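Below, chains carry the letters A, B, ... as their sequence lines are ordered, and counting in each starts from 1. Since the model is a prediction, treat every value here as computed from it, not as a measurement. Only this structure's heavy atoms are used, side chains among them; waters, hydrogens and symmetry mates stay out.
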Amino acid sequence: MAKIEFLNVTKTRSIDGEMRNVLDDVSVAVEKGTILAIGGPSGAGKSTMLRLANRLESATSGRVLLDGVDISTIDPIRLRRKVGMVFQLPSLFPLTVQENLTYGPGLRGVEPSSLEAKVREMLDMVDLPDLSPGRLAGELSVGQQQRVAIARTLMNEPEVLLMDEPTSALDPATAKSVLELVCDIRCRYGITVLFVSHSLEHSKLVGDRFLLIVDGRVIEESDIEAFFLGPSTELGRKFLAGELK
Amino acid sequence: MEYISLSYASLGIAVLFIISAMAVSFRYRLGLEKDLAVGAVRAFVQLTAIGYVLQLLFVSERWYYVVGMLVIMLAAAIKNAVARQSVTLKGMFTTLGISIFVGSALTTAVVIGIILRVKPWYSPRYLIPLAGSILGNSMTGAALALNRLRSDITHRKPEVEAALALGATSRQAVMPMIRDALKSAMLPSISSLMVVGIVHLPGMMAGQIIAGAYPVDAVKYQLMVVYMIAAAVAITSMMVVYLATSLFFTPDHMLKAEALGST
């Protein structure tokens, strides 16, 4: 599994015709097998961090390292297979569950028929053991779709998993079961996880460490327990008190 | 067979059709009277001018005049296809230009050189109307395909990014949208294959019959025309959707945010 590091990363974007830093000199290291929960107010730059980590976007300056290698030197296709991403909405393809799950390996030329056992294993992993792989993705509930989306990403056997608010579209009970699933995935595969969430409760449930970003800047990064017991910054205390939106 | 030559005085009576259309616009307050008047005058000026140009070409029979005319028609087709895009992007002119040129040139070459075996190849009597018909349809197909592709990628951005995040190349990620764009560009020419001769007699065939050709001969020409149009549209739109990938993605398979915009 892999360590991922952000070194002085800045991302500038045009917002309402004005160039703004959505990420401003961000530096953070996430050790192998760690779950880093990333929190902060809306528009803080949390999702942008994830998008930079698998090169859906590129940084304006600074570097992102995967096991010490600058990701801008890695072929983006190879990188994205190593650094998988789960989005806020499941974004399944309008195909069957089986076709969704075999999409990633299929791109590498793996014959879908040779993946039946693996598809079953992944559906078991995401707690959908009774789901028929022949079902159309569009027929599933949002919670089931999000689980299938996680399984689809895991089919590529990623070393890092980026999760961009994967629970925000789910009801509380389903969200809780997806959070348990994230912990299971880390335990079973030892994957490094960057987990972005609006919910402090969700961050606390899954995270080993916590990163607070406000206006694109890192405010604090600490052990999750330490943050929730007492943030070391004023902004951290305000965020915990729900005063930053 | 002789045909009835149309005098300008008789043509003047046809202006009544435009006036009646203006009356409808006036009655329902559509505000289209000015557009109709301008359109009618523009059509008159443009067609009269092209009539004289063609007459000149027919008399001179020089290949470079004919090719020059084709280049002007190609430029106008490309400009029009670009103007029909709801968002203008850098590189769009080149993408549409190459596609319309290749699709039209290939089809025209086959029609002129292999099917009709026109001698000399630049005979304006054949080359200009056939190339014009091919260019016009290629232009519509190319414009339709590119607009549809951009709009679909914009609407289905989450799906595209999910595919990219799984390790798809930009082309693999937009393949479902490419298929839909190709279908939407090709369906009009396929529909026209279905109804030709039943719902309407196309312009070229009607013109030939009025000019004295035997209907069966005119039909053969028309069949060639509808087949060549179907091929030209297919080739052009296929090239557009393949070349267009670079309009929407960086070489590193990242979506260009500025390329999507509104639908």
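- Comparing R152(A), M85(A), R108(A), M155(A) by how many heavy-atom pairs each has under 4.5 Å with chain B, the most go to R152(A).
- Taken from CG in L89(A) to CD in E159(B), the straight-line distance is 12.5 Å, to the nearest 0.5 Å.
- More than 12 heavy-atom neighbours from other residues, nucleotides or ligands sit within 6.0 angstrom of CZ on R120(A).
- The two atoms that bring S91(A) and A162(B) nearest to each other are O-CB, 3.7 Å, heavy atoms only.
- Counted within 6.0 Å of CZ on F101(B), heavy atoms from surrounding residues, nucleotides or ligands total 12 or fewer; the atom is thus considered open.
- Pairing each heavy atom of T153(A) with each of L166(B), the nearest pair is CA-CD2, 4.0 Å.
- The two residues F87(A) and E161(B) have their closest heavy-atom pair at CZ-O, 3.8 Å.
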Could you go step by step and tell me if M254(B) and S58(A) meet the side-chain contact (heavy atoms from CB on, under 4.5 Å) rule?
CA-CA 8 Å; M254(B) 292 177 201; S58(A) 53; 3.7 Å; yes
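- Heavy-atom minimum distance, R80(A) versus D252(B): NH2-O, 3.3 Å.
- For I77(A), the parts lying near chain B are the backbone and the side chain together; criterion is any non-hydrogen pair under 4.5 Å.
- When the candidates P90(A), P105(A), G106(A), P94(A) are compared by the number of heavy-atom contacts under 4.5 Å with chain B, P94(A) comes out ahead.
- Atoms CG and OG1, from L107(A) and T169(B) in turn, are 7.5 Å apart once rounded to the nearest 0.5 Å.
- Within a 6.0 Å sphere centred on CE of M19(A), heavy atoms belonging to other residues, nucleotides or ligands number more than 12.
- No more than 12 heavy atoms of other residues, nucleotides or ligands shown are found within 6.0 angstrom of NZ on K183(B).
- Summarising the local packing, CZ of R84(B) is surrounded by more than 12 heavy atoms from other residues, nucleotides or ligands at distances under 6.0 Å.
- Across all their heavy atoms, Y103(A) and A168(B) have their closest contact at OH-CB, 3.6 Å.
- Atom OH of Y227(B) sits in a sparse spot, with 12 or fewer heavy atoms from other residues, nucleotides or ligands closer than 6.0 Å.
- Inter-residue side-chain proximity for L255(B) and L56(A) is flagged as unmet; no heavy-atom pair is nearer than 4.5 Å.
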